[in-house]
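Below is one structure, written out as structure tokens; the observations come after it.
Quick caveat, the model's predicted, so the values are computed rather than measured. Positions are given from 1, in the same order as the sequence printed here. Every number for a ligand or one of its atoms is a count from 1 in the order of the listing.
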Amino acid sequence: MKLLLFITASLLAGLAFSAPTSENTIAESLNKDTLTITEEFFPDSLAVYTAEHDIVKILTPLNALNFEDDADEEDDEGSDSDSVTFIVLADVQENGDKVDQGLYMLKAGQATKLLDNGRDAAAANDDTKTAYFAAKDGIYSYNAAENKAVKYGTVTDDLISIAKVNGSDVIYALTADNVLLKVTEEGTKKEVVDKVVNAQEIILDYQNNLYYYTSDKSVYVLVGDEVKKFEGLPANPSYLNIINPPFVIENGVPVIVDNQSYLVYENGTTEKGDIELVVRPTAYSMEATLIQYYGYNKKVYEYNILSIILGEVLTEFKSFLDDMTDSIQSIATRSRSDLVNA
Ligand SMILES: *[C@@H]1O[C@H](CO)[C@@H](O)[C@H](O)[C@H]1NC(C)=O
Ligand SMILES: *[C@@H]1O[C@H](CO)[C@@H](O)[C@H](O)[C@H]1NC(C)=O
Ligand SMILES: *[C@@H]1O[C@H](CO)[C@@H](O)[C@H](O)[C@H]1NC(C)=O
């Protein structure tokens, strides 16, 4: 519950940051115990990157790309835009099909194209400085020193989604014809996971449970060898998205079903969130929890939760967030090693 509240608060606080024109809207939403996300939650002042195509994925790696060891780097001026994120651009057709427009590394507002046909990115929560990309011709990994994508292993399948298991060399990759591959031995061995059928997209929680949804927009989780369907979600939605969780949620992931947020857990339970989306982001990145990124209208928006709490903006929020101050501070002061050992 506390976590649910936290994720809600961080999302809404993030989305509302420095959007004073929407203060009334937000206060009204709070009174109703439901936050309604509207156009006003995406002010230009929070846009950190503008593309010519839709932003369809954003990943903020929780590894040494973004978390230096404590001694290493205290030199930044708290500039959050220095986070390394990977973004995937595409032109989304009316029928939902995507035309690749490249996978980019985005840092400090500068985007570098890494792959023409990159479709997804994943990273472990460890001390490495890398990430893995699903592309039309297999798996690539990120070489931070050269800011480049390099071919990883021998898989050459046409891939649409990827997830990196933490603490082992296992990578799950989903092919364009919806076959789930388990890739090991540094990318040289692959086997089909035939328990998982018709997956459209895959993500992992922080306990390495694999979540996916099928073409009829049902959501499932693979725990060990067992597949469970989430029965508590609305049937036959017209829109569904599964989201990489904020690191405060260990064994579950957020799901957006039509215009409503939910949390689904490893144990098969479903919880309704209290966010309603009148407008929907096209991509979500809440992994880092206190710095979040969303794609909307071909732009990437950055939300810094601490700025809201420590700053003088939006007093309604501050009181709303008061209850959460302890957990927020404990998260904020965790070092990355606390995080990965959590
Ligand atoms: C992730 O893997 C790293 C390195 O193997 C390990 O130290 C850490 O505890 C793992 N984190 C989680 C959340 O399992
Ligand atoms: C399922 O897991 C969630 C999150 O850990 C927990 O809040 C809930 O009580 C669990 N439900 C059951 C039936 O075990
Ligand atoms: C649901 O979200 C879609 C996409 O943003 C929007 O067009 C629609 O109006 C929303 N519906 C409701 C009931 O909020």
(message) Strictly under 4.0 angstrom, heavy-atom based: which residues surround ligand 3?
(response) Asn259, Leu277, Val278, Val279, Arg280
(message) Quick check: closest heavy atoms across Leu59 and Asn244, and the distance to 0.1 Å?
(response) CD1-ND2, 3.8 Å
(request) For residues Glu146 and Asn143, report the shortest heavy-atom separation together with the two atoms involved. (result) N-OD1, 3.0 Å
Which ligand 1 atoms does [X] reach within 4.0 Å, using its non-hydrogen atoms?
X      : result
Gly167 : 2 (O), 5 (O)
Asn166 : 1 (C), 2 (O), 3 (C), 8 (C), 10 (C), 11 (N), 12 (C), 14 (O)
Asn125 : 1 (C)

(message) Regarding ligand 2, does Asn267 bring an N or O atom to under 3.5 Å of one of the ligand's N or O atoms?
(response) yes
(request) Return yes when atom CG of Asp225 has more than 12 non-hydrogen atoms of other residues, nucleotides or ligands closer than 6.0 Å, and no otherwise. (result) no
(message) Can you confirm whether Gln110 is buried at CD, in the sense that more than 12 heavy atoms of other residues, nucleotides or ligands lie under 6.0 Å from that atom?
(response) no
(request) State yes or no: are the ring centers of Tyr294 and Tyr303 separated by less than 6.0 Å? (result) yes
(message) Checking Glu186 now: which residues fulfil side-chain hydrogen bond (donor to acceptor under 3.5 Å, both in side chains) with it, not counting sequence neighbours?
(response) none
(message) Considering only residues two or more places apart or on different chains, which pairs with a residue in residues 96-142 satisfy ring-ring contact (aromatic ring centres under 6.0 Å, His included)?
(response) Phe86-Phe133, Phe86-Tyr142, Tyr132-Tyr152
(request) For Lys164, check salt bridge (charged side-chain N to carboxylate O under 4.0 Å, His left out) against everything at least two apart and list the hits. (result) none
